[in-house]
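Below is one structure, written out as structure tokens, with a few remarks after it.
One-based numbering along the sequence shown.
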Amino acid sequence: MKKVLFTVQMICFSLMLFAQDFTLSIDNGHGAGTYLKGKAVHVWAKKPFALEVFVSWSGSGADFLANKSEWHTTLNIPNEENASNFELIANFEALIDAKVSSDQYLQFGERNNDGVFFETSKTIFHAVPEVQSKNKIVMLFHGTGGNAESWFKRYERQILVKDFLQNGYNVFSISSNETDMGDQNGDGQIRWQIDLSKPDIESNIDLLNVSLSVAQVKEKFGLEGAEVFLIGGSNGANFSDFCAAALAYKASAHMTGNGQSAVFQNHKNLKPIIWLQAINDNNPSADSLKALANYSILLEQDICTEWHWHERSPLYPLRFTRSTNNINNALSISIFEKLEANGFLDDEAYLTVANINQDFPFDEFIEEFNLSQGAQKDVLDQLNAANADHGSFSDFNKTILSFFESCDLVNEVATIDEKEENCIIYPNPFHDELWLSNKKVKAYKLYELSGRLLKS
């Protein structure tokens with residue numbers, strides 16, 4: 001009997017130890033409250049003013065953040081930590097002066113009846129730091145049906161441009177040939193040309209235009225010898241990988257999308273790639289298993305690569321102020337409250353719909369707010385970002401920068417220890433069985449599709 005009582009007492013003591021809570025205060029951000037230790041708590045920096053950028057987190061809780069450099073990250077206070085009060089401070093700095101403009105440059109259109117590319121003009125959008133400029137160029141590629149200007153108008157993409165400017169990069173974007181010339185191959189989609197049978201500037205119109213654009217902006221802005229990096233979203237991500245390999249550029253950042261398997265299996269000049277995949281991506285062109293297979297090809301060839309999941313996160317009342325179309329605090333709060341009132345948020349403010357673009361009656365929901373078309377797109381972007389569905393998100397901007405800065409090491413063959421740090425998990429999501437490619441995993445978190453943490 002004594003033994004049984006002792007066991008029960010020990011269990012109760014353990015539960016009390018586990019259930020310790022802590023108080024979090026946040027300056028210039030969102031997510032303050034009282035939480036259980038061991039729980040992953042989402043925190044967000046406030047929306048920066050037009051001429052400032054988020055830099056990093058500081059404060060007594062900063063050492064427990066998943067990433068001090070990203071505006072949105074998670075805080076996890078260990079159960080054994082003695083302190084019960086923590087502070088986070090979101091730090092900002094003034095955006096450096098930059099020339100942001102667009103110019104018409106000589107480019108080429110689809111082949112004419114004689115099979116020859118014909119001369120035309122094409123707009124190149126650019127943002128160039130006035131000072132602190134590095135001899136580095138980043139080219140941005142839109143997704144299916146998109147255009148170059150979206151990188152400078154849509155909020156989450158615009159924030160990426162600002163982060164790269166702040167770090168001295170010269171930022172440029174152009175539209176695909178089909179965006180300007182219409183559907184050229186009859187597939188009903190406006191996309192970049194990714195075709196191993198057209199692997200160079202002599203045969204591929206988009207590769208030619210990218211190459212010519214880079215040459216023209218180097219000449220105009222005095223960037224001869226500059227290293228070239230690429231970032232793409234969705235179809236633009238697939239093209240970014242292909243373009244880096246075909247034109248021997250430095251590296252690619254791949255934001256959603258499968259990656260073209262034929263490119264990874266057959267191209268002899270693959271370049272470093274950082275993968276940023278949305279964990280709840282419902283777009284058929286963003287199959288995570290295919291993307292993981294392509295990522296593993298880079299690992300097998302000792303090519304520098306990283307994999308990052310963009311996970312679901314709860315909403316907070318001022319989330320929708322992240323807009324370039326004047327969504328103020330009161331309007332953002334009203335949108336949030338309507339989501340709550342209509343059952344679209346659970347008790348922890350996660351969205352209750354699996355697929356925003358299919359399961360959420362957006363047009364009906366947003367009608368009462370009388371928003372401009374641009375503001376409606378901004379709200380939809382934030383819903384998709386919070387739900388970790390297909391779309392743009394700025395949660396890994398500094399991570400991309402860090403990867404690009406480390407690419408000087410890409411020609412070195414990884415050691416066995418370095419390779420063992422890489423881990424492939426599949427399938428994701430899963431129902432019955434989950435496989436890990438690395439037996440030396442030291443920690444893990446297991447989430448439901450709803451975003452709820454099941455085990456850590």
Quiz item: With sequence neighbours left out, what residues match Ser285 under side-chain contact (heavy atoms from CB on, under 4.5 Å)?
Solution: Ser234, Asn283, His390

Quiz item: Just checking, Lys398 and Phe54: is the charged tip under 6.0 Å from the six-membered ring centre and within 45° of the axis?
Solution: no

Quiz item: Salt bridge check: are Lys68 and Asp63 linked by an N-O gap of less than 4.0 Å?
Solution: yes

Quiz prompt | Pair Asp206-Ser176, side-chain donor/acceptor within less than 3.5 Å | solution = no

Quiz item: So, does Gln158 use its side chain to make a donor-acceptor pair with the main chain of Phe152 at under 3.5 Å?
Solution: yes

Exercise. Report yes or no: do Asp389 and Asn282 form a side-chain donor-acceptor pair below 3.5 Å?
Key: yes

Quiz item: Is a side-chain N or O of His310 found less than 3.5 angstrom from the main chain of Leu276, in a donor-acceptor match?
Solution: no

Quiz item: Which atoms form the tightest heavy-atom contact between Lys134 and Glu405, and what is the distance?
Solution: NZ-OE2, 3.2 Å

Quiz item: Which residues pass the side-chain contact (heavy atoms from CB on, under 4.5 Å) test with Asp97, sequence neighbours left out?
Solution: Glu130

Quiz item: Partners of Glu367 by side-chain contact (heavy atoms from CB on, under 4.5 Å), sequence neighbours excluded?
Solution: none

Quiz item: Taking atom types as modelled and ignoring hydrogens, do the side chains of Asn91 and Ser58 form a donor-acceptor contact shorter than 3.5 angstrom?
Solution: yes

Quiz item: Distance-only, no hydrogens or angles: does the Glu70 side chain make a donor-acceptor pair with backbone N or O of Thr399 under 3.5 Å?
Solution: yes

Quiz prompt | Cationic N near anionic O, under 4.0 Å, Arg322 to Glu156 | solution = yes

Self-check item: Close side-chain approach of Val214 to Met139, heavy-atom, < 4.5 Å
Solution: yes

